Engineer: 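Please see the structure below; I have some questions.
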Amino acid sequence: MLSATLAMVRKDLLATRRHPLFLVISVLVPVAFVFLYALIVQAATTIPLAVAQESHGPYSDRFVQTLQTMRSEDGKAWELHRMSPDKAAAAYRSGDVVGMLRIPASFDRDAAAGRAQVQLSVLNINSDISKNYQLRVEHAINAMHTQADPAHSVQIQEHPRWARDMSFSRYMGAGLLMFAIIYAAMVNTGNLVAREWEERTAKNVVLSPRGLMPLILGKWLTMFVQTVVSVALVVIALKFALHYPISRLGPATWGPIAMLVLYGAAFGVLLGTALRRSLVLVPVAAVLTLLHFLLVGFESYMRGYAHGGLVEVLWQSTRWWPVAAVTDQIRFAVEGLRPVQTIPQYMLWMAVLVVVLTAAAVRVLRTRLRFTQGQ
């Protein structure tokens, strides 16, 4: 069986080298997602703001300084453009900036009396953008009051679960890594299986006296080689696009990553035997993996909207899917934090899923032993 398996691997690697289209596809889709979400991260982190400062004094200067120094784990909160009132208004009207903050001439005098106001103009075409501007300006005002009169300011005592916030880019990076691993394994394995029908070699392989095991093992070994190449290129893209700390993908992440590869491969074998067409398989794999990313890899954002209706049903039904815990293991290990669930709690269930999917693929394969046109 070993010789037959190795022969299958050599045949598939040679075919991939001659026709590398699907290996390229397994890289291009995740890389495109990485750069797409890199743009989203940058847009959500630092937002432009035109500041028209008509007042100059201790309060207004402190307020502008607070705006300039505001930042989070993801970077600076603002891209400030300090302008004259006329230029700021013109930039806002022309759409060069989405938000404009006017600090009136009476600001310092009114702030000393405890009744200062600022004027915030926002192009409110998107409620989330408006919310970001409002919350950040309010935060800057509160910070200014705290510095000026700490004895009479409202203080918030935070009790975070972990010592520091996880940046949006690193949280997103783990989900994108999960997406890339599952998609690459699914497409590579599914294509290898479907190609046996497309190249009219399935009959010889399936009816071989060696049985089905060389076919399955050979496809998985070839998939592993191709998926390592695909994921390595995606990881490089994560490093440059999102500054993801790939050097922290240490031993604590190797087991979860390997399990995601097996999970994607098992799905790929099932799709390959069920569809038997490579070009049909690719969009199906993309949709399935995208669902994993949105429902499992992006779980904390869905949690914020899970307050009734379909979203809550989806969240409740997917939060226990073991792929979520595997992704969190990678996410927390990179941060040096202890995950919520322990490894035995989810690795066993992941292994069960892999076995179930592989068994389903074998069953489909056995029911498809009826060939047309010599196949």
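Since the model is a prediction, treat every value here as computed from it, not as a measurement. All residue numbers refer to positions in the sequence shown, counting from 1.
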Engineer: Which heavy-atom pair separates Ala174 from Thr327 by the least distance, and what is that distance?
Structural biologist: O-CG2, 3.8 Å

Engineer: CD of Glu335 to CZ of Arg170: how many Å apart, nearest 0.5 Å?
Structural biologist: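 So the CD of Glu335 and the CZ of Arg170 are separated by 4.0 Å.
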
Engineer: Heavy atoms, side chains only, cut-off 4.5 Å: are Ile129 and Asn124 in contact?
Structural biologist: no

Engineer: Would you mind reporting whether Arg331 and Met166 have side-chain heavy atoms less than 4.5 Å apart?
Structural biologist: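 SC-SC contact between Met166 and Arg331 confirmed.
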
Engineer: Ring-plane angle category for Tyr263 and Phe267, please: parallel below 30°, perpendicular beyond 60°, tilted otherwise.
Structural biologist: perpendicular

Engineer: Identify the heavy atoms of Ile330 and Pro256 that sit nearest to each other, and give their distance.
Structural biologist: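 So the minimum-distance heavy-atom pair works out to CG1-CB, 3.9 Å.
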
Engineer: Are Val51 and Leu135 co-members of a hydrophobic cluster defined by side-chain heavy atoms under 4.5 Å apart?
Structural biologist: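 Different clusters.
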
Engineer: Nearest 0.5 Å, please: how far is CZ in Phe293 from OH in Tyr183?
Structural biologist: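 Nearest 0.5 Å value for the OH-CZ distance: 15.0 Å.
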
Engineer: Check residues 97-120 and write down every donor-acceptor pair under 3.5 Å in which the side-chain atom is one partner and the other belongs to a residue at least two apart or another chain.
Structural biologist:
from	atom 1	to	atom 2	distance (Å)
Arg102	NE	Glu54	OE2	2.6
Arg102	NH1	Gln119	OE1	3.0
Arg102	NH2	Glu54	OE1	3.1
Arg102	NH2	Glu54	OE2	3.4
Ser106	OG	Asp110	OD2	3.0
Asp108	OD1	Ser55	OG	2.6
Asp108	OD1	Gly57	N	3.4
Asp108	OD1	Ser60	N	3.4
Asp108	OD1	Ser60	OG	2.7
Asp108	OD2	Tyr59	N	2.8
Asp108	OD2	Ser60	N	3.4

Engineer: Hey, could you give me the CZ/CG distance between Arg277 and Leu281, rounded to the nearest 0.5 Å?
Structural biologist: 11.5 Å

Engineer: How about Leu288 and Leu271: do any of their side-chain heavy atoms sit closer than 4.5 Å?
Structural biologist: yes

Engineer: Starting from the C-alpha separation in whole Å, work towards a yes-or-no answer on side-chain contact (heavy atoms from CB on, under 4.5 Å) for Ile182 and Val323.
Structural biologist: CA-CA 10 Å; Ile182 294 178; Val323 178; 4.2 Å; yes

Engineer: Around atom NE2 of His139, are there more than 12 heavy atoms of other residues, nucleotides or ligands at under 6.0 Å?
Structural biologist: no

Engineer: Is it the case that the side chain of Asn191 and the backbone of Val187 share a donor-acceptor pair, with hydrogens and angles ignored and the cut-off at 3.5 Å?
Structural biologist: no

Engineer: Going through the distances and angles, do Met186 and His292 end up as a side-chain contact (heavy atoms from CB on, under 4.5 Å)?
Structural biologist: CA-CA 13 Å; Met186 196 182 298; His292 277 77; 5.6 Å; no

Engineer: Do the non-hydrogen side-chain atoms of Met83 and Gln53 ever get within less than 4.5 Å of each other?
Structural biologist: no

Engineer: Applying ring-ring contact (aromatic ring centres under 6.0 Å, His included) as the test, list every pair that has at least one member in residues 75-104; sequence neighbours left out.
Structural biologist: Trp78-Tyr133

Engineer: Would you say the side chain of Leu176 lies within less than 4.5 Å of the side chain of Leu242, judging by non-hydrogen atoms?
Structural biologist: yes

Engineer: Would you mind reporting whether Thr253 and Gln329 have side-chain heavy atoms less than 4.5 Å apart?
Structural biologist: no

Engineer: Within the 3.5 Å criterion, strictly below it, is a donor on Ser84 or Asp86 matched to an acceptor on the partner's side chain?
Structural biologist: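 There is no such pair (donor and acceptor under 3.5 Å, judged by atom type) between the side chains of Ser84 and Asp86.
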
Engineer: Are Phe35 and Val231 joined in one hydrophobic group, where the rule is that I, L, V, M, F, W and Y side chains link up if heavy atoms are under 4.5 Å apart?
Structural biologist: yes

Engineer: Applying side-chain contact (heavy atoms from CB on, under 4.5 Å), run through His56 and Asp61 and close with a yes or a no.
Structural biologist: CA-CA 6 Å; His56 293 277; Asp61 291 344; 4.1 Å; yes

Engineer: Which atoms form the tightest heavy-atom contact between Pro85 and Ala52, and what is the distance?
Structural biologist: CA-CB, 3.7 Å

Engineer: Which atoms form the tightest heavy-atom contact between Ala140 and Leu67, and what is the distance?
Structural biologist: CB-CD2, 3.5 Å

Engineer: Starting from Met172, can I reach Phe240 by hopping between I/L/V/M/F/W/Y residues whose side chains sit under 4.5 Å apart?
Structural biologist: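 Unlinked, Phe240 and Met172 end up in two clusters.
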
Engineer: Nearest 0.5 Å please: distance from the CD atom of Gln68 over to the CG atom of Leu49.
Structural biologist: 11.0 Å

Engineer: First locate atom CE of Met259, then atom CE of Met350, and finally report the distance between them rounded to the nearest 0.5 Å.
Structural biologist: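 CE of Met350 is found 6.0 Å from CE of Met259.
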
Engineer: Do Ile236 and Leu36 share a hydrophobic cluster, counting only Ile, Leu, Val, Met, Phe, Trp and Tyr and linking them when any side-chain heavy atoms are less than 4.5 Å apart?
Structural biologist: no

Engineer: As an exercise, state the distance from OG1 of Thr358 to CG of Leu262, rounded to the nearest 0.5 Å.
Structural biologist: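 Rounded to the nearest 0.5 Å, the OG1-CG separation comes out at 8.5 Å.
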
Engineer: Quick check: does any side chain N or O of Thr69 sit under 3.5 Å from a backbone N or O of Thr66, one acting as donor and the other as acceptor?
Structural biologist: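 Yes, because the side chain of Thr69 sits within donor-acceptor range (under 3.5 Å) of the backbone of Thr66.
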
Engineer: For residues Lys76 and Thr46, report the shortest heavy-atom separation together with the two atoms involved.
Structural biologist: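 What the structure gives for the nearest pair is O-OG1, 2.6 Å.
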
Engineer: Ignoring hydrogens, what is the shortest heavy-atom contact between Tyr244 and Ser169? Give both atom names and the distance.
Structural biologist: CD1-O, 4.5 Å

Engineer: Would Leu238 and Leu177 count as a side-chain contact (heavy atoms from CB on, under 4.5 Å) here? Give the steps.
Structural biologist: CA-CA 8 Å; Leu238 280 172; Leu177 181 61; 4.1 Å; yes

Engineer: Taking a hydrophobic cluster as the set of Ile, Leu, Val, Met, Phe, Trp and Tyr residues connected by side-chain heavy atoms closer than 4.5 Å, whether directly or through intermediates, do Trp254 and Leu348 fall within one such cluster?
Structural biologist: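 Different hydrophobic clusters.
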
